[in-house]
Protein chains: 2
Amino acid sequence: MQPASSNVIENRIIQAVLSEEISPGERLGEKDLGEIFGVSRTLVREAMMRLSSRGIVAVSPRRGWFVIEPTVEEARETIEARRSVEIGLLMTQKNISAEMIKQLEAHVLEQQRAIDENDLGRRSYLLGHFHVHLAAALGNSILANILEELTTRIVLIATLYQSKADAQQSCDNHRRLVSALRKNKVKDAVKIMDAHLTHLDKALSIRKKMKPRSADQLRGKASFVP
Amino acid sequence: MQPASSNVIENRIIQAVLSEEISPGERLGEKDLGEIFGVSRTLVREAMMRLSSRGIVAVSPRRGWFVIEPTVEEARETIEARRSVEIGLLMTQKNISAEMIKQLEAHVLEQQRAIDENDLGRRSYLLGHFHVHLAAALGNSILANILEELTTRIVLIATLYQSKADAQQSCDNHRRLVSALRKNKVKDAVKIMDAHLTHLDKALSIRKKMKPRSADQLRGKASFVP
DNA sequence: GTATTCTATCTGGTATACAAGATTCGCCGA
DNA sequence: TCGGCGAATCTTGTATACCAGATAGAATAC
């Protein structure tokens, strides 16, 4: 394994979370990750520090780093935060270029393909990252960053609480959203987004407990290796 | 100087930025900070990693860490991001308790006092943190965190571009905002917020160049020491 | 006097060393 | 068989060592 920078580690872990390769509550040992990425604990630690700042992992003193397991309360707050940000994003957007609409439509098609091909990791990744693309398309990279943070947490929440928001429905919502944007019907877009998140929020009531995987299993995941 | 954890360092630096004790472009050397806080470079580095993840500082390889100097484009994006978040926040809020209204009013009074007493650092700090309190009052700590990040950057932007949004006007806007919230006039609140940010955005055109202070001067600032 | 090159020094980048708390597991006793 | 106790081990916490790139300043050439 050739060495990787701490940035690479950080991004790889976010990607792994979005692809559901890593589950909430999973332990991420510094030593293990160092071996996987071929670097010393120092770089792993840097990546963890940034990830913890983004609310993806948290450290338990002298026990290890763990992927966060949001409580129901935190889950609701995250969904509400996303609702605020996304609705604000839609309401304050001025004009969206035809080029961007096309990109978003292409992204939705990719999502559909991942669903059809039953590519679970890619499916989860694309469905989550659609909203990041949306913010970027509306011309604000800062909001895109914020949304990446929030959607990553949402994926963890969805995994943890087994929200049954099935992929096809999410994809359909995205399609309708882009369609509304193409017609410049902002109000419709807001409604679709609002309903989408309300659905997610409702699905949260069904709790499901997960058994955390051990770090050893993680090492076995070939795809986790960059 | 007794040792401090990396968390303390991080918070202290954010506070220093909010209080305008630290200017954009200022160099923050690992060695210097380590001496100031009485710790090794390791802990300073951890704090810097998290601050960079929050977009407050950036590293120039083998040269040092610097407080970010947003370009005009980034400044506009930050203001737009804040507009989205704050408007979304106001629009999706359900009910705000009388208790919270009181807290916000008390905060506005504190702001006024800082203005009257000409306490510049405290003034800057309170005016910026009002929005963080607002998000917290509306019951979402995640949005509060996001807003802390954004307002910190806004302070840097205001310093850099010498936006003449004078303190008294900001405070008045805050007072009007809380008043609208008390009367449950959400639309008015949104309007006030929107106008406030538009004003900030307009003021951005007047560019002002700053000369960065050296780290030695920073060391001299007794108040920077925890 | 000015431009240039070379070197001493400073800075961050990364790995490693060592300390101390947490965990595990075996041993012992009841 | 079950529960408690202790040492061995594992994990993060923090400091330090060493490297390489960047910088500044002096010496040199013109």
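Labels below follow one simple rule: chain letters A, B, ... track the order of the sequence lines, proteins then strands, and each chain is numbered from 1. Atoms considered below: every heavy atom in the structure, side chains included; atoms not considered: hydrogens, waters and symmetry mates.
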Notebook entry, point to check: Just how far, in rounded Å, is C1' of C/dA15 from NZ of A/Lys31?
Noted result: 15 Å
Item checked: Minimum heavy-atom distance A/Glu69-A/Pro24, with the two atoms named -> CG-C, 3.7 Å
Checklist line | Value in whole Å for how far the P atom of C/dC10 lies from CZ of B/Arg41 | finding: 14 Å
Next item on the list: Quickly work out the B/Trp65 CH2 to D/dA22 P distance and round it to whole Å.
Entry: 16 Å
Check: Please give, in whole Å, the distance from C/dT14 P to B/Glu30 CD?
Finding: 11 Å
Check: Hey, mind stepping through B/Met48 and B/Ile13 against side chain to side chain contact (heavy atoms under 4.5 Å, CB included) and telling me if it holds?
Finding: CA-CA 10 Å; B/Met48 287 309 182; B/Ile13 287 182; 4.1 Å; yes
Notebook entry, point to check: Could you state the CZ-P distance from A/Arg27 to D/dC10, rounded to the nearest angstrom?
Noted result: 12 Å
Next item on the list: Please check the phosphate of C/dT14 (OP1 and OP2 only) for any side-chain N or O of A/Thr42 closer than 4.0 Å.
Entry: no
Item checked: B/His174/B/His131 aromatic ring centres below 6.0 Å -> yes
Notebook entry, point to check: How long is the line joining CZ of A/Phe37 and C1' of C/dA15, in whole Å?
Noted result: 18 Å
Item checked: Set of side chain to side chain donor-acceptor pair (under 3.5 Å) partners for B/Arg153, sequence neighbours left out -> none
Margin query: Just to verify, which of B/Met100, B/His107, B/Met193 counts as forming a side-chain contact (heavy atoms from CB on, under 4.5 Å) with B/Leu134?
Written below: B/Met193
Check: A/Asp32 has an atom CG; how far is it from atom P of D/dT12, in whole Å?
Finding: 8 Å
Notebook entry, point to check: Less than 4.5 Å apart, any side-chain heavy atom of B/Ile9 and any of B/Ile36?
Noted result: no
Checklist line | Nucleotide D/dT12, atom C1' - distance to CE of A/Met48 in whole Å | finding: 12 Å
Next item on the list: Strictly below 4.0 Å, heavy-atom distances to any atom of DNA chain C: list the hits from residues 51-64 of chain A, or just say none.
Entry: A/Pro61, A/Arg62, A/Arg63
